[in-house]
Amino acid sequence: FVILFLLSGYSVFFHTSSLKLFIPADLNQNIVSSGLTQSNRNYIVKKAIVKQPIKIQEPQCRLQFEGDCPSLREKTSEFNFEIRSFDIILSNDDLFPAYTCERHYIQWQKKCTEKATVKKTYTGPWSMSDLLENGSWHVADTDGTHLKLKPIILKPLHSCFELSTDRPRKNPGTIKFCYPLFNLVGYPKCGTSAVYNLLIEHPQLTEAANEKEYCYRKGTIFDFLRGFEAATFKSSVDIALVNGCIQFGNGLMFDLLLRKPKSLNIFTIRHIADFEWARYNFWCNAKIMDSNCDHASHWTIVGKHFRSPDDFHQKIIDEVGGGHLPHETSVRDYFTRTIKSTDMHITVLASEMLQYDITKFWTLLANESTENIGMALTWHPHLEKLQKTIINSNNNKGSDSISNLSGVKTGLYKISGYKPMLATTKNLITTWWKECEELKRITLWSGYNCNKPIPANGKISGGVTIRNQLKDNVTNVSKETIDLNDATSAIGRKTSPSPHCRLIFQGVS
């Protein structure tokens, strides 16, 4: 009887919205009328499951509008009819189509007035169900299977989950993991390697995975999240996890998928001219007329690729390379455009502090940790040592490559003959950088020269180089008296004092 039904080709399957088991009606009727016991019926049902190829649904995104949205009306004024919904075209190469849909949704919410309501419908990989009664929800994995995420308690402060799948795999179909409490997001060449090293060197913190930049690149969501399982159970419950995946889209996608997990998302920035000069020297790119860029790292190689201050300036003037070299439109709001594109909470810090005022950097970071994720970080025991090192420099590349700062000159790279960027180039890029003053306020770092032109000799008043003036004006802050609310950078205090308030605690509060 069992063999007959197995050969008949029937199968059972999971309904994508509820994951309840369904049995074809004619098979069910034959089983019921057979007179078999319930246990035998269950045995037949289990054996009747036939593995079928899973069809992966194409990602689709639709936005619907209710009420009056002036921006939509303006965009569609050329049509003779009213448009109330439209589809967003999603690329097949998009790693995170669900967040692309979410990003458009957020943008249109901001464009429409309070009189209009925007609704989003997304189907396909990474799509999520509504919350169920027990607080869990379902997620469509990239291979067509379905996941179930349920919040659980494993580590204090962390957002932790039980993750199960509707199809058995080589490894167990249910895992438990905690999402990293500290996540680096943003752009390379902004001190991200140094910040990651600063964090994992602290006794309360450890790596969340077996690599610094643990990012989703391909494969299933299940397998990626399983990568956090080992560190979750290997570390003690009071040790926080740190991930250095600086791919902004990666952080945004999992912030959405895990429904705003508790996380301090650290976004480090850098003076835009120094940033553009550094990445021009660091990366090889065919779009700026480089050859031999097929190697996996895409790093520039001395002897193979040509770099010079004059070449950098001329390529900017000639608008070579599209978005791979600075131009007025890209530079204007380079960092804030990304920061403001999401509703995810982001902590923005100036990477220059790591070299010139690491004490203040740690103070600001620790304060953000206490306020936003409830973790009180103790004073960092290795700040003095870390301030003297530089990681993943242009002349010693790689996230594990550590150099002594005394042997590294800021902005001077071997591939460009250790020549500095032209002052003319820096002035040009800085004049385009309209977000500069805003970033000074956000980061509390007044070292950014937003308006004052830099003379051609690269020096400022008194014949002191910019780097030396920054270094000489740094004020050492002791760990006993820390300015948590000091809105004035150590740099510039001698000439432009600003009001500041200090609270000093003695004894136990």
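Numbers here are sequence positions counted from 1. Every heavy atom of this structure was used, including side-chain atoms; hydrogens, water molecules and symmetry mates were not.
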Polar contact flag, side-chain donor to acceptor under 3.5 angstrom, Gln109-Tyr105: yes
Residue list, salt bridge (charged side-chain N to carboxylate O under 4.0 Å, His left out) with Glu58, at least two apart or on another chain: none
Ring-face cation of Arg332 near Trp433 (centre distance under 6.0 Å, axis angle within 45°): no
Pair Lys120-Arg62, side-chain contact (heavy atoms from CB on, under 4.5 Å): steps then yes or no: CA-CA 6 Å; Lys120 177 195 71 173; Arg62 171 165 294 184; over 6 Å; no
By salt bridge (charged side-chain N to carboxylate O under 4.0 Å, His left out) - contacts of Lys304 (at least two apart): none
Mutual orientation of the aromatic rings belonging to Trp362 and His202 [parallel < 30°, tilted 30-60°, perpendicular > 60°]: parallel
Cation-aromatic face contact Lys189/Phe282, 6.0 Å, 45 degrees: yes
Check: Gly219 main-chain N/O paired with Thr142 side-chain donor or acceptor under 3.5 Å: yes
Verdict with reasoning, Leu444 to Lys360, per side-chain contact (heavy atoms from CB on, under 4.5 Å): CA-CA 10 Å; Leu444 304 183; Lys360 183 172 182 177; 4.1 Å; yes
Side-chain donor-acceptor pair present, Thr378, Gln204, cut-off under 3.5 Å: yes
Going by atom type alone, with no hydrogens or angles, which donor-acceptor pairs under 3.5 Å involve a side-chain atom of residues 241-250 and a protein atom two or more places apart or on another chain?
| from | atom 1 | to | atom 2 | distance (Å) |
| --- | --- | --- | --- | --- |
| Asn243 | OD1 | Tyr214 | N | 3.3 |
| Asn243 | ND2 | Tyr214 | O | 3.0 |
| Asn250 | OD1 | Tyr216 | N | 2.8 |

Pi-cation contact, Tyr280 with Arg307 (under 6.0 Å, within 45°): yes
Distance-only donor-acceptor check, side chains Thr338 and Tyr187, under 3.5 Å: yes
Neighbour count >12 (heavy atoms, 6.0 Å) for atom NZ, Lys119: no
Carboxylate-amine/guanidinium proximity below 4.0 Å for Lys115 and Asp68: no
Distance-only donor-acceptor check, side chains Thr336 and Asp333, under 3.5 Å: no
Parallel, tilted or perpendicular: rings of Phe224 and Phe228 (30°, 60°): perpendicular
